[in-house]
Amino acid sequence: MIDNIKILDTEILSDNWYVLRKITYEYTKKDGTKLTQSREAYDRGNGATILLYNKNQKTVILTKQFRLPTFVNGNETGMLIETCAGLLNKNNPEDCIRRETKEETGYKITEVRKIFEAYMSPGSVTEILYFFIAEYAKEMKVSDGGGVEQEEENIEVLELGISDAMKMIENGDIKDGKTIMLLQYIKLNNIL
Ligand SMILES: Nc1nc2c(ncn2[C@@H]2O[C@H](COP(=O)(O)OP(=O)(O)O[C@H]3O[C@H](CO)[C@@H](O)[C@H](O)[C@@H]3O)[C@@H](O)[C@H]2O)c(=O)[nH]1
Ligand SMILES: [Mg+2]
């Protein structure tokens, strides 16, 4: 039972697509003194992401799409190379990632392995992200992928050699946190 944090007030600053709250809380320090703080927290739910890999070919499947927040912060084209990912929308992480993999990459995978979970931006975003890996093969390709039409996702599917993908981290062509974490996991554990 956590008794050193007491929520005093929650104010909704924005409730448009996702929710931005300003939360005021009382924090009791180890020496017993109390501190009142306010922090904003952006709640867009939780998510899951996956790196698809093929051992024989030594390749991985990545996606490329326009990410507006990067465009307004120095990413000239706004295009970002990422592992397939999606929001849970009340699904459990495993079901979510199977569904997203089919929608975004066109691969119908069966076995997935959860490797870890991580808060990706803990100072401001509530989200926890569940990380998976899975093997893929040509026979599992059932559609073009590209994302859901109604959501206008326009996702390009990339198949890259693992050594090329690793070089792209070094030269800045891959600049997405979850993608770097998954590629490094695959290398560190000698999976590819
Ligand atoms: N209209 C509108 N649509 C939005 C808005 N924000 C997001 N969307 C749409 O909501 C859909 C969400 O698609 P998902 O595939 O479920 O999520 P994601 O954006 O890929 O998010 C994944 O990657 C993120 C970045 O790493 C992760 O943060 C997240 O957890 C998840 O794994 C996309 O079509 C996106 O354009 C918005 O403010 N307005
Ligand atoms: Mg997505």
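Remember, it's 1-based here, ligands and their atoms both numbered in the order they're listed. Fair warning: this is a prediction, and the values are worked out from it, not measured in the lab.
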Thr70 and Asn75 side chains, donor-acceptor separation under 3.5 Å: yes

Do Thr33 and Asp31 have side-chain N/O donor and acceptor atoms under 3.5 Å apart? yes

Are any of the N/O atoms in [X] less than 3.5 Å from those in ligand 1?
X      : answer
Ala85  : yes
Arg44  : yes
Asn89  : no
Asn46  : no
Asp176 : no

Evaluate the side-chain proximity of Leu160 to Thr59: yes if any heavy-atom separation is below 4.5 Å, no if none is. no

Should Tyr25 and Gln37 count as side-chain neighbours, where that means a heavy-atom distance under 4.5 Å? yes

Could you list the atoms of ligand 1 found under 4.0 angstrom from a heavy atom of [X]?
X      : value
Glu127 : 27 (C), 28 (O), 29 (C), 30 (O)
Lys178 : 25 (C), 26 (O)
Glu104 : 15 (O)
Ala48  : 32 (O)
Tyr18  : 6 (N), 7 (C)
Leu129 : 30 (O), 32 (O)

Shortest protein heavy-atom distance from [atom], along with the residue and atom involved:
atom                    : value
atom 37 (C) of ligand 1 : Trp17 CG, 3.2 Å
atom 16 (O) of ligand 1 : Leu87 N, 3.0 Å
atom 20 (O) of ligand 1 : Arg67 NH2, 3.0 Å
atom 11 (C) of ligand 1 : Glu151 OE1, 3.8 Å
atom 33 (C) of ligand 1 : Glu153 OE2, 3.7 Å

Minimum heavy-atom separation for [X] and [Y], please, with both atom names.
X     : Y      : value
Ala48 : Cys96  : CB-SG, 4.1 Å
Ser38 : Lys22  : CB-CE, 3.9 Å
Gly47 : Leu129 : C-CD1, 3.3 Å
Ile50 : Leu182 : C-CD1, 3.9 Å

Any non-hydrogen atom of Gln65 lying under 4.0 Å from ligand 1? no

Could you walk me through whether Val112 and Arg98 pass side-chain contact (heavy atoms from CB on, under 4.5 Å), step by step? CA-CA 8 Å; Val112 298; Arg98 281 206 188 84; 4.0 Å; yes

For the Mg ion (ligand 2), decide whether Gly147 has an N, O or S atom at a distance under 2.8 Å. no

Counting only heavy atoms, which portion of Glu103 has something under 4.0 Å from ligand 1: side chain, backbone, both, or neither? neither

Which N, O or S atom of Glu104 lies nearest to the Mg ion (ligand 2), by name: OE2

Lys NZ or Arg CZ of Lys114 over Phe132 ring: under 6.0 Å, within 45°: no

May I ask you to check whether Tyr53 and Tyr136 place their ring centres under 6.0 Å from each other? no

Would you confirm whether any non-hydrogen atom of the protein falls under 4.0 Å from atom 35 (C) of ligand 1? no

Take the angle between the ring planes of Tyr185 and Phe116 and call it parallel below 30°, perpendicular above 60°, tilted in between. perpendicular

Tested for side-chain contact (heavy atoms from CB on, under 4.5 Å) against Arg44, the lone hit among Leu20, Thr126, Leu87 is Leu87

